[in-house]
Amino acid sequence: GEGSFNKALFFTLPMDLFYRKSTTREVTHYGWSPLTKNAGQRVATGSLYNVVISAPENLEAVRGKSWSIPKIFSGFGIKPKNRQWSIHGYATNNFNILKLSKNINKEYLFSKDNNLLKFSKIGIEKESLRVLNSRISNKPHDSDLFGSPLLNKFITTDFSESLLEFITPPYKEHKKTLKFLDSVHQNVSNKFSKEILWPLSMPPFIDKDSNIPIAYYGNSDEALFKKVYRNGLSNRYGRQMQTIAGIHYNYSLDDELLTRLFSKYSKIDYKEKNTIYFGALRNLLRFNWLLLFLFGASPFVSKNIVGKNDSRFYKLDEKTFFMPFATSLRMSDIGYQNTKQSDLDISFNSVEHYIKGLRKATKTHSKYFENISHIKGQEYPQINSNILQIEDEYYSTSRPKSSMESDNRMINKLDKYGVNYIELRSIDLNPFQSTGIDIETMQFLEIFILYCMFKPSPKISKSRMSDIRKNDL
């Protein structure tokens, strides 16, 4: 209101999150206020630092202790009836803090013996652009040093020969996942003579698309398929967008835990798992804007990606534009939220709806893309002229994935085996971390996904999906 200049996010935190025993202060208030051009704006800092300064420096140790779900979501007390804390000034009973899905076994969820964090697996995929003298490197991928990109499970290439992708196995501890990623990163970096791994999600200035080499995988049928698919991406969306890099956070829960939490039977089946994971995916769509706000690190972009006539941007230098209050342009309409896919009707209301939508898009002819098939000088300019060449072309902030190893397409594996894990794709590279992500962010993402999994998740209508997309822009 008039006279108030606070524009921020405010948190009320239960301090037992950081301690094994009760503290002398049950609640702390924390405000996060941005600095703006308003000279009279008041900056609220709170006292969170002073409260948690003596807490363990490495919270990964918490994962090995007997921390129960009540301690994560409900005030973190062993005796919930004797404790209360407040949300936005309202006193709240412990078990009412999180409105839970009606299908959850609440008795087991809030059992003091339930250490849920021991039942999860976390993997990371990190994309990094090879750069030489502040420009994209045109050197081919060195298979002698890093192995074949078609066969190496941990070091491969993405769209471009210059766009590396590091993949970790799924681990039960964030620390092990991050250690593996750091080892791969250091191994690759140390073998470069002059190249570096670009630390930002948005690529440096690239003069023209022809300076971006498409990834080469060899002469096998699989390699040719990958090549033609990338030709199609190049002709449909341009190569500049395909050099944008980011983090994919892969997350799953053990079947034993899912059985205890959600199933009425002795062993959970794949259909029940589909329902659980798609409920989480819908909530991840609803709340993805928060991840962009907290972890977005791509407020500027090369002028070749923006175009000359976009009045929303300001000039940073001769080659770079920015938006004053942008967080993640990587996930905006000039990045992965491409307007050419804005009319796609892919529903996350069930695995059946999801598969049906993707199959329809991969079988429906597109007048917009049909002329690509007639480009002169290209033997295979795209796989086909359908709305999507294959389902991988669909850009989404989160994806259901199957870990079953087979040559089947992903939608066929989802149809036959169901969902095994969630791939969260909306995290920008953290330029202050060599690995592109730190352990605190990984821990936050785990709790965030669990929240989305346990929270009620009603079906999403087309109009609501349109609102969700607008929130992410």
Side-chain angles (χ1 to χ4, degrees), residues 123-130 137-170 184 188 209 212-239 241-246 248 250 336 354-355 358-359 361-364 366 369 372-373 375 377-396 399-421 423 425:
I124 295 290
E125 301 169 35
K126 182 209 175 194
E127 300 156 336
S128 294
L129 194 65
R130 287 190 290 113
S137 175
N138 58 9
K139 293 183 178 180
H141 180 78
D142 197 328
S143 296
D144 292 333
L145 290 178
F146 308 123
S148 165
L150 191 63
L151 301 176
N152 192 328
K153 294 182 178 180
F154 309 121
I155 304 173
T156 184
T157 53
D158 198 88
F159 170 82
S160 172
E161 272 289 277
S162 306
L163 187 59
L164 290 172
E165 184 172 9
F166 304 147
I167 304 168
T168 77
V184 173
V188 171
D209 273 12
I212 303 171
I214 292 179
Y216 176 75
Y217 295 96
N219 298 312
S220 66
D221 289 344
E222 184 180 358
L224 178 60
F225 182 85
K226 286 179 173 288
K227 174 72 172 179
V228 177
Y229 170 59
R230 283 157 175 75
N231 286 344
L233 294 178
S234 171
N235 291 321
R236 290 174 176 223
Y237 311 106
R239 298 187 187 184
M241 191 191 83
Q242 307 301 326
T243 60
I244 297 174
H248 298 172
N250 301 324
Y336 285 130
Y354 182 78
I355 292 172
L358 285 177
R359 280 182 173 158
T362 55
K363 294 179 179 180
T364 303
S366 169
F369 296 135
I372 292 175
S373 299
I375 294 177
Q378 286 193 16
E379 186 177 4
Y380 301 109
Q382 60 183 354
I383 294 175
N384 53 57
S385 58
N386 295 335
I387 296 173
L388 298 177
Q389 300 174 92
I390 56 175
E391 62 271 16
D392 291 353
E393 189 175 337
Y394 175 59
Y395 296 104
S396 177
R399 283 178 177 172
K401 300 298 285 284
S402 170
S403 58
M404 298 299 295
E405 293 188 8
S406 75
D407 295 330
N408 291 332
R409 290 166 53 180
M410 180 56 67
I411 53 175
N412 292 333
K413 290 197 289 185
L414 290 174
D415 192 16
K416 185 175 182 179
Y417 305 110
V419 184
N420 294 116
Y421 67 95
E423 180 188 44
R425 301 162 52 84

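Everything quoted here is computed from the prediction, not taken from an experiment. Below, all heavy atoms of this structure are taken into account, side chains as well, without hydrogens, waters or symmetry copies.
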Next on the checklist: Closer than 3.5 angstrom, by distance alone: can the side chain of N152 be matched with the main-chain N or O of I155 as a donor-acceptor pair?
Outcome noted: yes

Next on the checklist: Which heavy atom of L150 sits nearest to which heavy atom of S220, and what is that distance?
Outcome noted: CD2-OG, 3.8 Å

Item to check | Nearest non-hydrogen partners of N235 and P381, listed with the distance | outcome: ND2-O, 2.8 Å

Checklist entry - Does a side chain donor of either K401 or S403 reach within less than 3.5 Å of an acceptor in the other side chain? => result no

Item to check | Interatomic distance, K363 atom NZ to I387 atom CD1 [nearest 0.5 angstrom] | outcome: 13.0 Å

Checklist entry - Under the 3.5 angstrom rule, does the side chain of E391 hit a backbone N or O of M410 as a donor-acceptor pair? => result yes

Item to check | Residue pair M241, Y395: steps toward the side chain to side chain contact (heavy atoms under 4.5 Å, CB included) verdict | outcome: CA-CA 12 Å; M241 191 191 83; Y395 296 104; 3.8 Å; yes

Next on the checklist: Can a side-chain donor-acceptor contact be found between N420 and S402 if the only test is distance below 3.5 angstrom?
Outcome noted: yes

Checklist entry - Does a side chain donor of either E161 or H141 reach within less than 3.5 Å of an acceptor in the other side chain? => result no

Next on the checklist: Set out, in order, the CA-CA distance, both residues' side-chain angles and the distance that settles side chain to side chain contact (heavy atoms under 4.5 Å, CB included) for T362 and N386, then state yes or no.
Outcome noted: CA-CA 6 Å; T362 55; N386 295 335; 5.5 Å; no

Item to check | Residues R236 and N231: side-chain donor-acceptor under 3.5 angstrom | outcome: no

Item to check | With sequence neighbours excluded, residues passing side-chain contact (heavy atoms from CB on, under 4.5 Å) with I390 | outcome: F225, Y229, I383, D392

Item to check | Residues S385, I372; criterion side chain to side chain contact (heavy atoms under 4.5 Å, CB included); working and verdict | outcome: CA-CA 7 Å; S385 58; I372 292 175; over 6 Å; no

Checklist entry - Side chain of T156, backbone of P149: donor and acceptor closer than 3.5 Å? => result yes

Next on the checklist: Please check this pair: side chain of T168 against backbone of I124, looking for a donor-acceptor N/O pair closer than 3.5 Å.
Outcome noted: yes

Next on the checklist: Is it true that R230 and Y217 share a donor-acceptor pair across their side chains at a distance under 3.5 Å?
Outcome noted: yes

Checklist outcome for this item: Output for pair (S137 OG, I212 CD1), nearest 0.5 Å, gives 12.5 Å

Item to check | Pairs flagged by salt bridge (charged side-chain N to carboxylate O under 4.0 Å, His left out) wherever residues 140-154 is involved - sequence neighbours left out | outcome: none

Item to check | Interatomic distance, N250 atom CG to I167 atom CD1 [nearest 0.5 angstrom] | outcome: 9.0 Å

Item to check | Non-hydrogen side-chain atoms of E165 and K126 separated by less than 4.5 Å | outcome: no

Checklist outcome for this item: Closest non-hydrogen contact found for F154 with P169 is CE2-CG, 3.8 Å

Checklist entry - Taking atom types as modelled, is there a side-chain donor on Q242 or D158 under 3.5 Å from an acceptor on the other? => result no

Next on the checklist: Could you check whether any side-chain N or O of K413 sits under 3.5 Å from a backbone N or O of M404, counting only pairs where one atom can act as donor and the other as acceptor?
Outcome noted: yes

Checklist entry - Nearest heavy-atom pair of L388 and Y394: which atoms, and what distance? => result CD1-CB, 3.8 Å

Checklist entry - Is there a donor-acceptor contact under 3.5 Å from the side chain of E127 to the main chain of G246? => result yes

Checklist entry - Are any side-chain N or O atoms of S160 and backbone N or O atoms of P213, one a donor and one an acceptor, separated by less than 3.5 Å? => result yes

Checklist entry - Does a side-chain N-to-carboxylate-O contact under 4.0 Å join R359 and D415? => result yes

Checklist entry - With sequence neighbours excluded, what pairs up with K227 under the salt bridge (Lys or Arg N to Asp or Glu O under 4.0 Å) test? => result none

Checklist entry - So, the side chain of R425 versus the backbone of S396: is there a donor-acceptor pair under 3.5 Å, distance only? => result yes

Checklist entry - Nearest 0.5 Å, what's the CD1-CG distance between I355 and L414? => result 5.5 Å

Checklist entry - Out of curiosity, S366 OG to N384 CG, how far, rounded to the nearest 0.5 Å? => result 10.0 Å

Item to check | Residue pair V419 / Y421: nearest heavy atoms and the distance that separates them | outcome: CG1-O, 3.4 Å

Checklist entry - Of all heavy-atom pairs between T157 and A215, which one has the smallest distance, and what is that distance? => result OG1-CB, 3.7 Å

Checklist entry - Taking the side chain from D209 and the backbone from R239, do they hold a donor-acceptor pair closer than 3.5 Å? => result yes

Item to check | Working for side chain to side chain contact (heavy atoms under 4.5 Å, CB included), residues Y216 and K226 | outcome: CA-CA 8 Å; Y216 176 75; K226 286 179 173 288; over 6 Å; no

Next on the checklist: Between S373 and Q382, do the side chains contain a donor N or O and an acceptor N or O under 3.5 Å apart?
Outcome noted: yes

